[in-house]
Amino acid sequence: RCSAILLEMGKVVGKGGGVAGVTKLGHVGHVVFHVVAKGADVCLGFLVAFKILQLHAGILSLQGALGSVIGGGFPAPDHDEEEHEDEYDEHVWTSPDNASAIVKALGKRAAELFPENADSVTANADSYAGKIDELDAKFAELLSGEERYFIFGDRFPLLYFFRHYGLNYYAAFPGCGSETEPSAQTMTFLLDKLRQPDSVPAVFCIELSSRRLGAVLAEDSGLPVVEFHTCHNISADDLAAGETYVSLMERNYEVLSDIL
């Protein structure tokens, strides 16, 4: 299991190779990609990702190893503002500064593993990281000084993004937890927060979720439901349309621009 972002970053860094096909086998919460390679003509980016994650060649399944390497404790979204507990979040790429660092690290490692392609992979990595850095600066300008709470009627795999920009939030569930039904206390708390002036006037949900909880909160509060894409899962339509980390984050930027 792996986020779509690792797949895309590998392709960007190693642009120019060939891949026979990529099929999505998965479910809401995580997406599994199987890559069928064309012999020696495998896309360089996939080879880099496989070597870095120490996987086998042939028909491959990308495993989400990055979270176990780059982890950290964060205050969990709870309902007691005086008490917090540590929580780990493997979704490191949700913060653009981390995504840029990942691309640069992939480029550096790719150049070491494949010196004959060092110039192209380094140029690809630097170019793409530069686009992400520009996006980071746009978010920083938009979110500077924002002190209101963002209310998620959904899971919340966005600790890195919110910590990077110093944002406040409350959510029904942490990370990619398996919970599907919030307690009555949680629902009452979130609905009360949505009615306060110190909350952003929208109910946020993540991609490919059922949005059932978000719809209930939106109906009771009279606020719209809006999507914040974590760049973790990607729909078949977005995959076919060639959406990227940058384009999905640009979509998030437009959503926040309209709401804020």
With sequence neighbours excluded, tell me which residues meet side-chain hydrogen bond (donor to acceptor under 3.5 Å, both in side chains) with [X].
| X | answer |
| --- | --- |
| Ser199 | none |
| Arg211 | Glu227 |
| Thr230 | Glu207 |
| Arg148 | Glu146 |

*Kindly state each residue pair satisfying salt bridge (charged side-chain N to carboxylate O under 4.0 Å, His left out) with at least one member in residues 110-126, sequence neighbours excluded.*
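As it turns out, the salt bridge (charged side-chain N to carboxylate O under 4.0 Å, His left out) pairs with a partner in residues 110-126, which skip direct neighbours, are Arg109-Glu112.
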_Residue pairs passing the salt bridge (charged side-chain N to carboxylate O under 4.0 Å, His left out) test where at least one lies in residues 233-242, sequence neighbours excluded_ =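 Pairs touching residues 233-242 that pass the test: Asp238-Arg251.
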*Measure centre to centre between the rings of Phe228 and Phe161, then say whether the value is under 6.0 Å.*
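Yes, they do, as the ring centres are separated by less than 6.0 Å.
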_Phe162-Phe156 aromatic ring centre distance below 6.0 Å_ =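 Ring centroids of Phe162 and Phe156 are less than 6.0 Å from each other.
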Distance (rounded to the nearest 0.5 Å) between [X] [atom1] and [Y] [atom2]:
| X | Y | atom1 | atom2 | result |
| --- | --- | --- | --- | --- |
| Cys231 | Glu243 | SG | CD | 10.0 Å |
| Asn233 | Ser235 | CG | OG | 10.0 Å |
| Asp136 | Ser95 | CG | OG | 6.5 Å |
| Phe152 | Leu217 | CZ | CG | 12.5 Å |
| Thr94 | Leu159 | OG1 | CG | 7.5 Å |
| Leu256 | Lys138 | CG | NZ | 11.5 Å |

Tell me if a side-chain donor or acceptor on [X] pairs with a main-chain N or O of [Y] at a distance below 3.5 Å.
| X | Y | value |
| --- | --- | --- |
| Thr186 | Pro182 | no |
| Ser209 | Ile206 | yes |
| Ser100 | Asp97 | no |
| Asn98 | Val92 | yes |

Shortest non-hydrogen contact from [X] to [Y]?
| X | Y | answer |
| --- | --- | --- |
| Pro201 | Pro224 | O-CD, 3.8 Å |
| Gly153 | Ala172 | C-CB, 4.4 Å |
| Gly214 | Val225 | O-CG2, 3.5 Å |
| Leu223 | Ala202 | CD1-N, 3.9 Å |
| Gly107 | Thr122 | O-OG1, 4.5 Å |

Which residues pass the side-chain contact (heavy atoms from CB on, under 4.5 Å) test with [X], sequence neighbours left out?
| X | result |
| --- | --- |
| Thr188 | none |
| Leu135 | Phe139, Met249, Glu250 |
| Gln196 | Asp192, Asp198 |
| Ser257 | Leu142, Tyr253 |

*Transitively linked via ILVMFWY side-chain contacts under 4.5 Å: Leu143 with Leu248?*
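Different clusters.
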*Between Tyr128 and Val246, is a side-chain contact (heavy atoms from CB on, under 4.5 Å) present by the stated rule, with each step listed?*
CA-CA 9 Å; Tyr128 200 57; Val246 168; 3.6 Å; yes
*After noting the C-alpha distance and the side-chain angles of Ile132 and Tyr245, does the key distance pass the side-chain contact (heavy atoms from CB on, under 4.5 Å) rule?*
CA-CA 8 Å; Ile132 297 174; Tyr245 178 83; 4.0 Å; yes
*May I ask you to decide if the ring planes of Tyr149 and Tyr170 are parallel, tilted or perpendicular, using 30° and 60° as cut-offs?*
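Taking Tyr170 first and then Tyr149, their aromatic rings lie parallel (interplane angle under 30°).
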_Contacts of type salt bridge (Lys or Arg N to Asp or Glu O under 4.0 Å), residue Lys104, not counting sequence neighbours_ =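 Residues passing salt bridge (Lys or Arg N to Asp or Glu O under 4.0 Å) with Lys104: Asp133.
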*Can you list every side chain to side chain donor-acceptor pair (under 3.5 Å) pair that touches residues 216-226, not counting sequence neighbours?*
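For residues 216-226, and leaving out neighbouring residues, there are no side chain to side chain donor-acceptor pair (under 3.5 Å) pairs at all.
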*Given side-chain contact (heavy atoms from CB on, under 4.5 Å), test Ile151 with Phe204 step by step and report yes or no.*
CA-CA 6 Å; Ile151 307 301; Phe204 288 85; 5.8 Å; no
